[in-house]
Each structure stands twice: as C-alpha cells, then as structure tokens.
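The next block holds one structure in the form of structure tokens; read it before the comments.
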Amino acid sequence: MLARPAPLTIRGVYSTLRKIALEKGSGSGARRQGLVLSLLRSAREEETRFIVRMLVQNLRVGANWRSVIGALGRAAALHHAKDGLPTKKQLEIAEAATVEAFHLCPSLDVLVPVLLETGPSELGSVCTLRPGVPVKPMLAKAAEGITDALSAMGTTGGAVLGEYKYDGQRAQIHVTNERKVSIFSRNGENRTDSFPDVAEVILEASVGGATSFIVDAELVAIDRANGNRLKAFQELSTRARGAVTSAEITVEVAIFVFDILIADGQPVIEKTLRERRKILQQALPLLAPGRIELARCLEVNTQAKANISVGQIPAIDNRASVQPKDETAEAVLQEFLLTSFADGAEGLMLKQLDAGGYQPSKRSESWLKVKRDYCEGLRDSLDLVPIGGWHGNGRKAKWLSPFLLAAWDPVNEEFQSVCRVMSGFTDQFYAEATERLGRRHRIDGPKPYYVTGECCSVWFEPAEVWEIRGADLTISPVHKAARGHLHPEKGVSMRFPRFIRVRDDKRPQDASTPEVIVDLFNRQTRKVDTRGAPAAQALGNLNSSSGAAQEDLVEDGAEDDGESAFEDDSDSEPGDEACGQET
DNA sequence: GTTGTCTGCCCC
DNA sequence: ATTCTGC
DNA sequence: GCAGAATGGGCAGACAAC
C-alpha cells in the first residue's frame with residue numbers, strides 16, 4: 001500500500017498555486033496538470049471541492065472579495081483589541097473602513113501590512129487615493145427608459161446630466177507628478193502597455209492643465225478617415241492585448257472623458273458632478289476631436305419646464321444643445337437618447353449634477369444607464385428554437401443550462417444556431433424545461449439539418465419557440481444564423497442574450513428567419529464591417545445538409561417516437577456525444 | 001512552420 | 001455583460 | 001436592496017498537435 005500523502009497546509013497549497021501560475025511555455029500544460037494532481041491527491045474531504053472550485057472558477061463558494069475584505073477588517077480589529085472583545089459597533093466600523101480603503105487602494109500588499117501592524121483605524125492615512133494606484137470605478141444601475149430613470153432619481157433630481165454611453169472599454173487614466181501615465185481597466189488591470197497612443201494623447205491634452213490627475217473615460221474605436229464615426233465594440237477588441245508600440249497599433253481609438261477623481265494631487269471625489277466637470281475641463285484644456293473629447297452631454301432641469309439658458313449654466317462642454325424653454329426634461333432626453341443611437345453610442349447615462357460625489361465601486365442610483373434593449377418600444381427580440389443544451393453546474397446542476405437556440409432558415413430548410421442562453425429563466429422554468437426538452441423531446445444526436453459550430457451534450461427535436469432579447473447582433477465564428485448572407489461562412493449571433501418568454505403561439509417553423517436577422521443587423525448603427533468579406537451569393541454549396549426537416553416539422557403535436565422515457569441525464573461526459581456537423 | 005483548441009484575477 | 005434567488 | 005452565482009459573445013494569445 002502507498003502511504004497516505006501528508007496533509008495540505010495553507011503555505012503548501014499557496015506555493016503550489018504560485019507554481020501553477022508561473023508555469024509557462026512548451027509542455028507547461030502537462031506540468032501544470034501534474035501540480036494539480038498532487039494537490040488533489042493530498043486533499044481530504046471538503047478540501048477537494050475548494051481546490052477544484054479555486055482552480056476552475058474563481059472560488060465560487062459563497063464569498064467574494066467584498067465579504068472577505070470586510071471579514072479581514074473585523075479580524076484585524078479583534079487582533080488589536082486592547083481590553084476584552086470589541087463591540088459589535090467597533091467591528092462594523094473596522095469592516096466599513098477596510099472595505100472603503102480597499103475601494104480606494106485595492107491592493108492586499110498595501111492593506112494587509114497596515115491591518116497587521118496598526119489595525120483598521122490607520123487605514124485612512126495609508127490607503128489613500130493617489131495617481132498610480134487604481135480605484136474601483138463607480139458603476140451605474142440599469143433603468144428601463146428615460147421616464148423610469150428620472151423617477152428613480154426622485155424629485156430631488158433637480159439638474160440632470162444626460163451623457164452618451166459609448167460602446168467601448170472603460171479606462172481609468174492616471175498621470176503622476178512626474179507625468180508618468182498608467183491606464184487601468186474596469187477591473188483594475190494595468191493596461192498601460194497596450195495603449196501607448198492613449199498615453200501620448202492624454203499628456204498632450206493636459207499641457208497647461210493639471211499636472212497629476214485621475215480621469216474616468218471610455219476608449220472607443222474610431223474611424224478618423226470617415227468623420228470620426230464611432231466603430232463597434234467588436235472592432236475595438238481586435239487590438240493587441242499585450243505591449244505594443246505606437247507604430248504597431250492597428251485600431252485607432254478616441255478617448256471620451258467623463259469624470260475626474262484627482263486634480264493636481266487633490267481628491268475631488270467629494271465634490272458634485274457639476275464641479276468635477278468644471279475641474280475636468282480645466283485639467284484637460286487641449287482636447288482634440290477624434291482623439292480626446294468630453295463625453296457628449298446635455299443638461300436638463302427636472303424640476304419644471306426648463307427656463308435655463310446657455311449663459312446661466314456653468315460651461316459643460318461638448319453639450320449637444322440646451323433644453324428649450326417649453327419642453328419637459330423627459331422629452332428632451334428622449335430625443336437625445338435617439339440621437340445617441342444615431343451617432344453610434346449605446347445609449348445614455350443619466351447623472352445627478354448637484355448631488356453626491358464620485359462613489360468608488362458603488363452601483364449608485366445617482367448614475368443610471370439607459371440602453372436600447374432596456375426600453376419598451378425600442379428593443380428587438382428574436383423568436384428562436386431550443387435545439388440543444390448542456391448540464392448545468394453549481395446551483396444549476398440538476399437542470400439543463402445553458403440552452404442552444406436556433407433560427408429557422410426556410411430556404412435551406414435548416415435550424416441555424418444563434419446563441420446560448422442561460423439568463424432570464426426562473427428555477428421553476430429550468431425544472432420544467434429540463435423535463436420537457438431534456439427527456440420528452442430528447443434525441444440521440446443533432447438532426448442533419450441543425451447547423452452550428454457548437455457541440456451540445458443533449459440535443460432536442462425542434463419543439464417550441466422562445467423569445468430571446470439581446471443588445472445587438474454580431475458576426476460570429478461559431479453561430480450560423482443567416483450564414484452566407486453577410487459573410488461567406490460566418491453567421492449572426494447576439495450580444496447579452498436573455499430569455500423573455502415562451503412563444504406558445506408559434507411553432508418552430510415560425511421562428512425568426514435569416515431575412516429578419518439580416519434586416520435587423522443592417523439597421524444597426526454600429527456593426528462590424530463585412531465589406532472585406534462579401535456575402536456568398538453562391539448559396540448552392542451551403543445547403544447540402546438539408547432534407548427531412550420539412551417532414552419532421554409538418555406535425556409536431558402527436559408524435560412520440562424515440563421517447564426513451566427514463567434515460568439518465570445525470571452526468572454524461574461532455575464530448576462523448578455525436579458531435580461535429582458543419583462543413 | 002501551420003493549424004487547431006482552449007483560456008482569460010479578458011473585455012463587454 | 002444580464003438575470004434570478006436567498007437573506 | 002445587496003451579495004452571490006451562473007453563465008452569454010468574441011477577441012488575441014498561448015499552447016498542443018500535426
């Protein structure tokens with residue numbers, strides 16, 4: 001018998017995880033595998049679960065960073081308590097101070113030594129806002145429309161700023177007193193090396209303005225040769241991820257600045273947005289269209305019909321227009337929202353101008369986002385057929401999740417996948433759909449007329465139609481809807497798909513068609529340029545898989561063929577099923 | 001060297 | 001990103 | 001109302017397989 005391995009220790013596990021992370025290059029996969037195996041062999045009881053979750057999906061075991069940091073603060077308070085145990089109140093203060101410090105300075109390397117040496121009370125003086133250290137960015141809540149947003153802000157809304165919500169990538173741009181630039185992503189990742197162009201532009205724009213500062217901005221792909229037209233997010237994401245030189249840049253970006261957290265070393269997050277906007281303009285006096293601009297915006301007064309005029313408003317530059325005298329704030333913003341879509345933005349941000357400061361990491365009511373797909377009357381959806389699915393994980397382990405949804409192409413007589421969906425279902429719906437599709441309509445493998453780059457672990461007959469909503473349509477390498485129409489082999493997919501409802505009134509052959517999908521795609525303002533890859537007019541070589549679809553679909557109610565009633569779907573291995581249709 | 005597959009404190 | 005659920 | 005979980009599309013890069 002082999003001896004039982006020594007028990008795991010915190011230090012031992014940590015050191016093995018470090019080794020796994022640092023392992024790279026040819027053969028690294030196998031070496032990493034060996035390290036994981038050694039961990040699992042030594043794991044006992046519950047340890048296995050924690051190790052597996054840590055490795056496969058960010059330790060989803062019921063505690064994310066917010067809770068862990070708070071607990072760390074409480075632990076530090078306990079550690080430093082002088083006489084007896086701290087009161088509940090003292091613990092709460094320690095927790096809040098620690099979480100707050102982490103928002104301003106999200107670095108355990110800074111936080112933990114302070115907690116150990118002096119305790120949570122000293123955090124405020126060490127973990128301060130300063131250029132070079134990323135701050136957790138302020139976030140917005142979704143609103144279902146202008147009306148909804150204004151009422152969510154309440155009657156105290158007063159002056160509201162409507163601001164273009166650009167479809168790019170969030171960037172927190174820091175400049176130190178030594179004029180050293182750092183660029184951080186939404187998640188606090190240092191992306192400075194991939195944006196040398198942005199660093200150059202920000203330095204030029206701030207000459208004569210602030211020396212050191214932190215500004216909040218959106219980086220957007222832009223077509224400078226074509227009137228600074230905004231490009232789709234998909235184009236921005238083709239930029240290199242690693243370090244590049246200015247000469248290697250393939251996709252040009254514009255910086256749309258919308259807030260400032262520090263100006264010349266002074267924190268300004270406590271000031272109102274109106275004040276911050278003013279400071280922002282002073283900090284960056286040399287703006288340049290198509291390179292660096294203030295986010296386009298419009299001020300309205302929600303208290304009454306507007307009676308403000310240009311001269312009375314402190315300058316908020318890049319303003320589209322001013323609220324006319326006899327129009328309500330709501331009507332003006334509604335029109336501004338449509339303008340933002342026409343200009344290629346995602347929608348609007350609505351912000352209170354004279355209330356509240358910049359709240360790091362908060363998803364506050366004082367910032368609301370309005371996007372097309374949130375708005376009744378402006379949003380589109382597709383009616384799609386669930387053709388397959390996978391076995392869920394974690395809390396969804398007893399159900400199928402996600403599902404694969406497809407459009408119906410009546411010309412080629414095939415179902416073409418559009419997207420996976422896992423959002424919008426209630427638990428009860430999962431239970432019912434798993435039973436209905438995963439058992440009663442289950443088939444052994446994909447129908448010959450299912451066209452997709454996906455490989456489901458469970459396949460269904462085309463049995464029902466679901467309404468699916470998304471933000472916009474994209475050109476996809478894996479999904480095949482409307483293939484041949486916009487690109488020779490690529491199809492159309494959907495960004496942020498979610499389930500809305502079952503369309504009981506529709507049968508699979510009533511699902512959305514390529515015709516509808518292509519039309520919706522073409523009506524989008526922002527879309528990837530497919531002109532380089534002209535659509536294949538020659539559909540003749542694509543429809544070879546058709547056949548039998550029509551016969552299958554003629555009658556869909558009464559048939560009960562192949563209903564292997566008690567098939568066990570508990571844990572079939574992914575990849576053990578027939579897979580690999582498509583070309 | 002070329003092609004295919006999988007991953008990412010990725011971006012949205 | 002979006003959405004649902006449990007507290 | 002917040003925290004947490006479970007996942008969406010799609011890209012460049014990294015690595016594996018040929």
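Throughout, protein chains are lettered first and strands after them, A, B, ... in sequence-line order, and every chain is numbered starting at 1. All of these numbers come straight from a predicted model, not from anything done at the bench.
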Open item on the list: Of the listed nucleotides (dA6(D), dC4(C), dC12(B)), which one gets closest to any side-chain atom of R170(A)?
Closed with: dC12(B)

Task: R498(A) CZ to dA1(C) C1', straight-line distance once rounded to whole Å - done: 9 Å

TODO: Using a heavy-atom cut-off of under 4.0 Å over every strand shown, decide if K141(A) touches base, sugar-phosphate, or nothing.
DONE: sugar-phosphate

- [ ] Compute the ring centroids of F403(A) and W466(A), then answer whether they are less than 6.0 Å apart.
- [x] yes

Task: Intermediate values then yes/no, side chain to side chain contact (heavy atoms under 4.5 Å, CB included), L520(A) and L382(A) - done: CA-CA 10 Å; L520(A) 280 176; L382(A) 294 179; 3.7 Å; yes

Task: Aromatic centroids of F499(A) and F429(A) separated by under 6.0 Å - done: yes

Open item on the list: Taking pairing as Watson-Crick or G-U wobble with both contacts under 3.5 Å, can you name the mate of dC18(D), or confirm there isn't one?
Closed with: dG1(B)

Task: Rounded interatomic separation in angstrom, taking CD1 from I500(A) and C1' from dT2(C) - done: 10 Å

Task: SB check K398(A) D427(A) (cutoff 4.0 Å) - done: no

Open item on the list: Can you work out whether D167(A) or P106(A) has the more 5'-proximal nearest nucleotide on DNA chain B?
Closed with: P106(A)

- [ ] Report the distance from atom CG of D373(A) to atom P of dG9(D), rounded to the nearest whole Å.
- [x] 16 Å

- [ ] Measure from CZ on F102(A) to C1' on dC9(B) and round the result to the nearest Å.
- [x] 11 Å

Open item on the list: Is the phosphate of dA6(D) approached by Y430(A) (side-chain N or O, under 4.0 Å from OP1 or OP2)?
Closed with: no

TODO: Rounded to whole angstrom, note down the C1' distance from dT7(D) over to dC11(B).
DONE: 16 Å

Task: Partner of C127(A) by side-chain contact (heavy atoms from CB on, under 4.5 Å), out of L104(A), T98(A), V110(A) - done: V110(A)

- [ ] Look at the side-chain N and O atoms of K396(A) and state whether any lies under 4.0 Å from the OP1 or OP2 oxygen of dC4(C).
- [x] no

Open item on the list: Distance check, C1' atoms only: dC12(B) and dC2(D), in whole angstrom units.
Closed with: 23 Å

TODO: Sort out for me which residue in R469(A), R379(A), R498(A) forms a salt bridge (charged side-chain N to carboxylate O under 4.0 Å, His left out) with D373(A).
DONE: R498(A)

Task: Integer-rounded Å distance: dG8(D) C1' and L405(A) CG - done: 11 Å

- [ ] For K369(A), report the nucleic acid contact type (base, sugar-phosphate, nothing); a contact means any heavy atom under 4.0 Å.
- [x] sugar-phosphate

Open item on the list: Walk along nucleotides 10-18 of chain D from 5' to 3' and tag each nucleotide B, S or - by protein heavy-atom contact under 4.0 Å, base first, then sugar-phosphate.
Closed with: SBSS-SS--

Task: Closest to side chain of T426(A), choosing from dC4(C), dT2(C), dA6(D) - done: dC4(C)

Open item on the list: Mind checking if F425(A) touches a base, just sugar-phosphate, or nothing, with heavy atoms under 4.0 Å?
Closed with: sugar-phosphate

TODO: Would you please classify the geometry between the F258(A) ring and the W367(A) ring as parallel, tilted or perpendicular, with 30° and 60° separating the classes?
DONE: perpendicular

TODO: Searching all strands shown, indicate the nucleotide that pairs with dC10(B) (Watson-Crick or G-U wobble; both distances under 3.5 Å).
DONE: dG10(D)

Open item on the list: With a 4.0 Å cutoff (strictly under), does any side-chain N or O of N393(A) reach OP1 or OP2 of dA5(D)?
Closed with: no

- [ ] Could you check whether F403(A) gets within reach of a base, just the sugar-phosphate, or nothing at all, counting any heavy atom under 4.0 Å?
- [x] nothing

TODO: Mind listing the closest non-hydrogen atom pair of D216(A) and R170(A) along with its distance?
DONE: OD2-NH2, 2.6 Å

Open item on the list: With a 4.0 Å cut-off on N to O distance, would you call D167(A) and K231(A) a salt bridge?
Closed with: no

TODO: Side chain of C419(A) only, please: which of dT2(C), dG9(D), dC9(B) is the nearest?
DONE: dG9(D)

- [ ] May I ask you to evaluate whether R395(A) reaches the phosphate of dA6(D), defined as a side-chain N or O under 4.0 Å from OP1 or OP2?
- [x] no

- [ ] Specify the separation, in whole Å, of atom CZ of R495(A) and atom P of dC11(B).
- [x] 15 Å

- [ ] Rounded off to whole Å, could you give me the NZ-to-P distance for the K398(A) and dA6(D) pair?
- [x] 11 Å

- [ ] To the nearest Å, give me how far apart NZ (K165(A)) and C1' (dC12(B)) are.
- [x] 9 Å

